[in-house]
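One structure below.
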There are 2 protein chains.
Amino acid sequence: MVMTAVPPYIQGVPGAGHMEAVRRGNLALVLGRIAETSPAGRRSRAQISALTGLTKASVSSLVLELISSGLVTEVGLNQQSRGRPGVELELNPNKAVLGAEINVDYLAVGVVSLAGTLLMHEVWERDNRSDGVERVMAALSQQCAVTAVAAEKKGIDVLGGGLAVPGLIDAAGQVVVSAPNLGWKNARPDLRVLLPGSPLGVVLCNEANAAALAEMDHQSDTDFMFISGEVGIGGGLVVGREIFTGADGHAGEVGHVVVDPYGSDCLCGGRGCLETVAGQDAIADAAGLTGHPARSSRSLTLSVLLGLLKEGDARALSAVERAGFCLGLALASSARIVPFTLVVLGGHLAVLDPWLRISLMDSLQRYSAGKFPSGNVLVSALGSTGALLGAAGLALRSVLEAPHTLRR
Amino acid sequence: MVMTAVPPYIQGVPGAGHMEAVRRGNLALVLGRIAETSPAGRRSRAQISALTGLTKASVSSLVLELISSGLVTEVGLNQQSRGRPGVELELNPNKAVLGAEINVDYLAVGVVSLAGTLLMHEVWERDNRSDGVERVMAALSQQCAVTAVAAEKKGIDVLGGGLAVPGLIDAAGQVVVSAPNLGWKNARPDLRVLLPGSPLGVVLCNEANAAALAEMDHQSDTDFMFISGEVGIGGGLVVGREIFTGADGHAGEVGHVVVDPYGSDCLCGGRGCLETVAGQDAIADAAGLTGHPARSSRSLTLSVLLGLLKEGDARALSAVERAGFCLGLALASSARIVPFTLVVLGGHLAVLDPWLRISLMDSLQRYSAGKFPSGNVLVSALGSTGALLGAAGLALRSVLEAPHTLRR
DNA sequence: CCAAATAGTTTATGCTCTGAACTATAAGGA
DNA sequence: TCCTTATAGTTCAGAGCATAAACTATTTGG
């Protein structure tokens, strides 16, 4: 039997003072309790001490360090029934992270405070298809620079950032293995250029995963699947409040679960994948929009389809109904492999929800043996900001989970 | 944004000396390096020091503690090219854990050394169907007692144990939520009675998961799926060398992935599940063995089926071929949700491998876009001892990952 | 038989936490 | 108003664990 478990604190710093690992862990622990929005309001050192089991002395020392690193600020006083009031602590409202998104027909950049609030947000329409990684990244970095300067003017310090891309990211988070809709393959975007001077770098993530992460902050469930309906269908799988990427970074690809063994070929090389039935193009084809002039633009296609649905067009209705049926089937099967109890629909699937829902719920119930109450299939509340918020959230997590990296 | 991450060392011991967590982690780290079978042979304190980055002083102190807790023993001398020879360390060969298995028609108990070697192994034929949890556990505890005494006579000290059951285990590892083939539902076996005096307890686990874990020790892959073919079809999913159970403990249930949307109803309440096509009973039915006298016993059914296959019976061949096709389909879909690169077949699927393989590989390749080279679908090497070894392995892990629990 | 090399132990020191004493600040009652 | 009580936060001595460096132990090889 081979054991390979390595305590986390030894990673990266072999030979260094391992006592420091305790400090690092406790810094994160205390910061986490400060970041938590508790119903009783902001917390004081004493409350954190009681909450964590650390002594007041330790908490004081840890908080001092968090304050001097700029992550935490003292706000007001917190009067309990009697005695000296506690000093309320909060995440420094003037520190933030950047969230960015590259999608097929736009670039988006936003600034998110440490507490997770979207402070600024801008979207630039831009055709990024087959424009090449360098060109797109150059355009994006320009927009990031503009945003960063604007943030600085408001007194906001940007510590790091996250970039969401509609494609498969490798496990190390450095390479876009493939983004068919952008025409990228094994692209290595230079992430540093987005935030040249920031103390932490920029992390890269998949768009569906990012949206899932953002969605999670609005849900109590710890395990769920976010379905990103675009040209294809992406899945963002969250297990235990963490994005589940698997060994190669490709987990949760519900778009390529087989729903029709004798169905049509899929771009992925498989056959009868969910994407070939419920992807945006697939639905459009099945609805009879092939060759239609509107096919030149995605948003046009979708609005034409919506028009047909509202008119009660039989072919469109049945195409969408079948998509719902297959989506339910794929989700039921997926939930057997990784149990999740909540599904959130995004992209075109969110838009089509009114016409999808009945067949989706029917098949989901049928094939999952009734594990999904209908309240457990939701439409995304975040819409187009989801990916951006999630990318920023990923950067946020890296700060909040490893505050020692900002020590001075 | 709500953060709930808690550093592992704070769990369970709030308020206690957190410095001790470093000690605990390092004890496990050093023990892990002793447990590893390295090509260069057993390791000395100095080698472990170099390997871990801990100083020789620390390693000495940690090893002393491991020796005094009985987990480690000094063996021989380890002469390097020059200088004082190192003292070779190894896992104490006289300490062991118990592995036990309850299955439909037998009970099995084994003793596994800390190094993972099966030292003793006994199987008792017994019809456990609908005999009730208490009766079965009473019988098993008797067998465990016999085995424990026999081990003691050989000078072997049993520290803890694991019990594998063909059913769904709850996330806490205490309740058998359902074991249809045993007729159990929400059963709470009294695990303590199996090893009354042992310092560590007995852990409960699913049979397919246990077999997967045991299989892993013979594979280099870190992510794979073990398929346990019994009356139903169980799946054991290993991600990153750990059993992946999911939030509710039911992950990897590949037997209930939908392979035929218009197929027959499944016992689980779903429809067209893999199990309804490739389960042992399902194959027997499709092969035309319904009503056959042999249906009274599982092993008989299987041997009759084998007979038909060897005769070239068309109906049997096509039933098995279809099972292979659907298995490949279900695996391809599953691998999209949790990427794994290796499949190991157990139970009747291992036995039927020669007749399954072609259709299995064809559909697996077809639907996974060629991600599985044929060398990546294996037949279990462990056979019937897999579950037992895995259950013991689970107990083993708990010792090796938390050696401080044995401190005296 | 001694120099060089390697293994393992001893000792002094530093970091981080704990626990208890201490200071600071408020509410509430006489 | 002042004193008691309660709570917040800081200071300081002490304990546990790891480090680094010096030291002892044991072997090879000239």
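Here is how names work: the chains are called A, B, and so on, in the same order as the sequence lines, proteins then strands, and each is numbered from 1. Since this is a predicted model, take the numbers as computed values, not measurements.
- Contact check, A/Ser61 against C/dT16: no side-chain N or O comes under 4.0 Å of OP1 or OP2.
- The distance from atom NZ of A/Lys95 to atom OG of A/Ser69, rounded to the nearest 0.5 Å, is 8.0 Å.
- Contacts of B/Val87 with the nucleic acid, taken as non-hydrogen atoms under 4.0 Å apart, involve only primed sugar atoms and P, OP1 or OP2.
- One finds no salt bridge joining A/Glu74 and A/Arg42 here, because no Lys/Arg side-chain nitrogen approaches an Asp/Glu carboxylate oxygen to under 4.0 Å.
- Side-chain atoms of A/Arg33 and A/Gln47, non-hydrogen and from C-beta on, never get closer than 4.5 Å to each other.
- Of the side-chain N and O atoms in B/Ser49, none sit less than 4.0 angstrom from OP1 or OP2 of C/dG8.
- In this structure, CG of B/Leu64 is placed 19 Å from P of C/dA7, rounded to the nearest angstrom.
- In this entry the distance linking CG of A/Leu27 with C1' of C/dT16 reads 11 Å, nearest Å.
- Neither OP1 nor OP2 of C/dC17 sits under 4.0 Å from any side-chain N or O of A/Thr55.
- Straight-line distance from the CG atom of A/Leu77 to the C1' atom of D/dA8: 10 Å, rounded to whole Å.
- Atom CG in B/Leu54 sits roughly 14 Å away from atom C1' in D/dA20 (whole-Å rounding).
- For C/dC15, the OP1/OP2 oxygens have no side-chain nitrogen or oxygen of A/Arg23 closer than 4.0 Å.
- Note: NZ (A/Lys56) to C1' (C/dC22) measures 10 Å, nearest angstrom.
- A/Glu74 places its CD atom 8 Å from the P atom of D/dG9, with the value rounded to the nearest Å.
- Across D/dT27, D/dT10, C/dT16, the shortest atom-to-atom separation from the side chain of B/Pro85 is found for D/dT27.
- Look at CZ on B/Arg45: it is 15 Å from C1' on D/dT26, rounded to the nearest Å.
- For B/Ser58, a side-chain nitrogen or oxygen approaches OP1 or OP2 of D/dT19 to under 4.0 Å.
- Checking C/dT16, D/dA20, C/dA26 against every side-chain atom of B/Ala57, the shortest atom distance belongs to D/dA20.
- Within the nucleic acid shown, A/Ala46 comes within 4.0 Å of sugar-phosphate atoms alone, with no base atom in reach, counting heavy atoms only.
- In this structure, CZ of A/Arg42 is placed 17 Å from P of D/dA8, rounded to the nearest angstrom.
- A sub-4.0 Å separation between OP1 or OP2 of C/dT16 and a side-chain N or O of A/Asn26 is absent.
- Checked by atom type, the side-chain pair B/Ser61/B/Arg23 shows a donor-acceptor distance below 3.5 Å.
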List every contact pair, protein side and nucleotides 27-30 of chain C side both N or O, where the distance is under 3.5 Å.
| unit_1 | atom_1 | unit_2 | atom_2 | d |
| --- | --- | --- | --- | --- |
| C/dA27 | N3 | A/Arg82 | NH1 | 3.3 |

*For the pair A/Val338 and B/Phe244, evaluate side chain to side chain contact (heavy atoms under 4.5 Å, CB included) and give the outcome as yes or no after the intermediate values.*
CA-CA 9 Å; A/Val338 175; B/Phe244 181 79; 3.8 Å; yes
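- When each of B/Leu98, B/Val97, B/Leu163 is checked for a side chain to side chain contact (heavy atoms under 4.5 Å, CB included) with B/Val202, only B/Leu163 meets the rule.
- You'll find the side chain of A/Thr245 stays beyond 4.5 Å of the side chain of A/Ile169, heavy atoms only.
- Of the candidates C/dT16, D/dT26, D/dA8, D/dA8 carries the atom nearest the A/Arg84 side chain, counting heavy atoms from C-beta on.
- Between A/Leu400 and A/Leu91, some side-chain heavy-atom pair lies under the 4.5 Å cut-off.
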